[in-house]
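Let me begin by presenting the structure, written as structure tokens, before commenting on it.
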There are 2 protein chains.
Amino acid sequence: MKLSVKSDYAARAVLGLARAFVTGAARKVEELALEQGIPGNYLVQILLELKTKQLVRSVRGKDGGYLLARPPGQITLGDVMRAMHGEVLDPPALGDPQCPLELREAWARLKAAAEQAADSLDFQTVLEQSGDREKMYYI
Amino acid sequence: MKLSVKSDYAARAVLGLARAFVTGAARKVEELALEQGIPGNYLVQILLELKTKQLVRSVRGKDGGYLLARPPGQITLGDVMRAMHGEVLDPPALGDPQCPLELREAWARLKAAAEQAADSLDFQTVLEQSGDREKMYYI
DNA sequence: GTCGCTCTTCACGGAAAGCTTCACGGCCCG
DNA sequence: CGGGCCGTGAAGCTTTCCGTGAAGAGCGAC
């Protein structure tokens with residue numbers, strides 16, 4: 001099942017903001033877009049949705065832009081996916097009474113597994129993985 | 001992320017065939033379609049794809065129809081999803097060199113988790129769950 | 001206060017995929 | 001040889017995805 005690029009773009013944007021989180025400065029949309037290879041006007045919509053879901057916040061005017069609403073450790077891949085698509089994984093069978101109950105339970109398990117995995121991947125950890133990689137070069 | 005109904009339909013069809021597996025008889029497409037609430041002409045295409053992926057086989061002519069190619073215990077939800085969509089879960093980031101490496105690793109983990117979960121759900125187990133439920137009614 | 005910078009909002013549109021249906025040809029059995 | 005069933009391809013319709021554009025509104029600088 002192919003995922004949409006939207007959640008991918010969103011995750012990249014959050015990662016970009018996570019890197020700047022310690023500085024406390026806001027990052028501009030166009031700057032993020034160029035850095036991450038995302039169409040600027042599309043990224044605008046994505047950030048807007050992330051904002052309504054309280055994952056990021058915005059600052060207007062000069063030196064404005066976007067920044068994370070919480071520390072990177074408190075934002076997970078699951079949060080981002082839910083912000084974009086409502087659910088991490090949503091099997092249509094769960095809402096269809098015609099689907100045999102035992103099969104619906106199987107889909108529910110798959111959904112739970114994906115959700116659990118996505119919720120255990122937070123952006124602080126992702127950042128630290130890149131840090132670990134850099135350290136290795138010093139050896 | 002919403003899944004398509006296609007893999008849902010496919011799973012229902014496989015479950016219907018799994019129930020009839022012990023009898024060794026082939027089930028007709030239209031029969032399965034009515035029982036599972038699937039558009040008949042669409043189910044034909046699905047079964048055709050399942051057949052090319054060697055999950056089911058067909059018998060032509062009178063008393064023809066479809067049956068499982070292997071025992072229900074050797075067919076998993078992962079098999080069905082891969083037959084329909086190529087992958088259980090396919091994040092576009094994995095094929096995009098512009099995506100930061102550490103983020104791609106996070107997507108890869110999510111994918112692996114979903115795959116592992118889907119592959120551990122086989123149809124024999126699903127059948128037995130419905131059996132367990134029936135037993136409970138006898139208490 | 002006005003000007004430039006930035007986010008905000010809304011609307012549009014092409015492209016692709018998903019879902020469904022139709023039509024016709026081929027195989028098997030009585 | 002004829003009826004029932006699978007095999008195959010193609011054609012619509014609908015919805016979602018992806019991306020673009022332009023006009024409106026808050027903030028700071030001067």
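The sequence lines fix the lettering, A, B, ..., with proteins before strands; numbering per chain opens at 1.
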*Under 3.5 Å, is there a donor-acceptor pair linking the side chains of A:Glu49 and A:Gln45?*
no

_Students should find this one: the first and last nucleotides of DNA chain C, 5' to 3', lying under 4.0 Å from a heavy atom of chain B. What are they?_
C:dC19 to C:dC28

_Here's a test of your reading of the structure: between A:Leu47 and B:Ser4, which maps to the more 5' nucleotide of DNA chain C?_
A:Leu47

*Residue A:Asp63 excluded, over 12 heavy atoms near CG under 6.0 Å*: no

_Residue-phosphate contact under 4.0 Å: B:Lys28 side-chain N/O, D:dC5 OP1/OP2_ = yes

*Does OP1 or OP2 of D:dG19 have a side-chain N or O of A:Tyr9 closer than 4.0 Å?*
yes

*So, is A:Lys2 close to the D:dC17 phosphate, meaning a side-chain N or O under 4.0 Å from OP1 or OP2?*
no

*Quick one: side chain to side chain contact (heavy atoms under 4.5 Å, CB included) partners of B:Ala20, sequence neighbours excluded?*
B:Thr23, B:Arg27

*Could you tell me whether A:Asp119 and A:Arg82 have a side-chain N and a carboxylate O separated by less than 4.0 Å?*
yes

*Can a side chain N or O of B:Ser58 be found less than 4.0 Å away from OP1 or OP2 on D:dG7?*
yes

_Nearest-angstrom distance from the residue atom CZ of A:Arg60 to P of D:dG24_ = 14 Å

*Contact class for A:Val59 (heavy atom, under 4.0 Å): base, sugar-phosphate, or nothing?*
sugar-phosphate

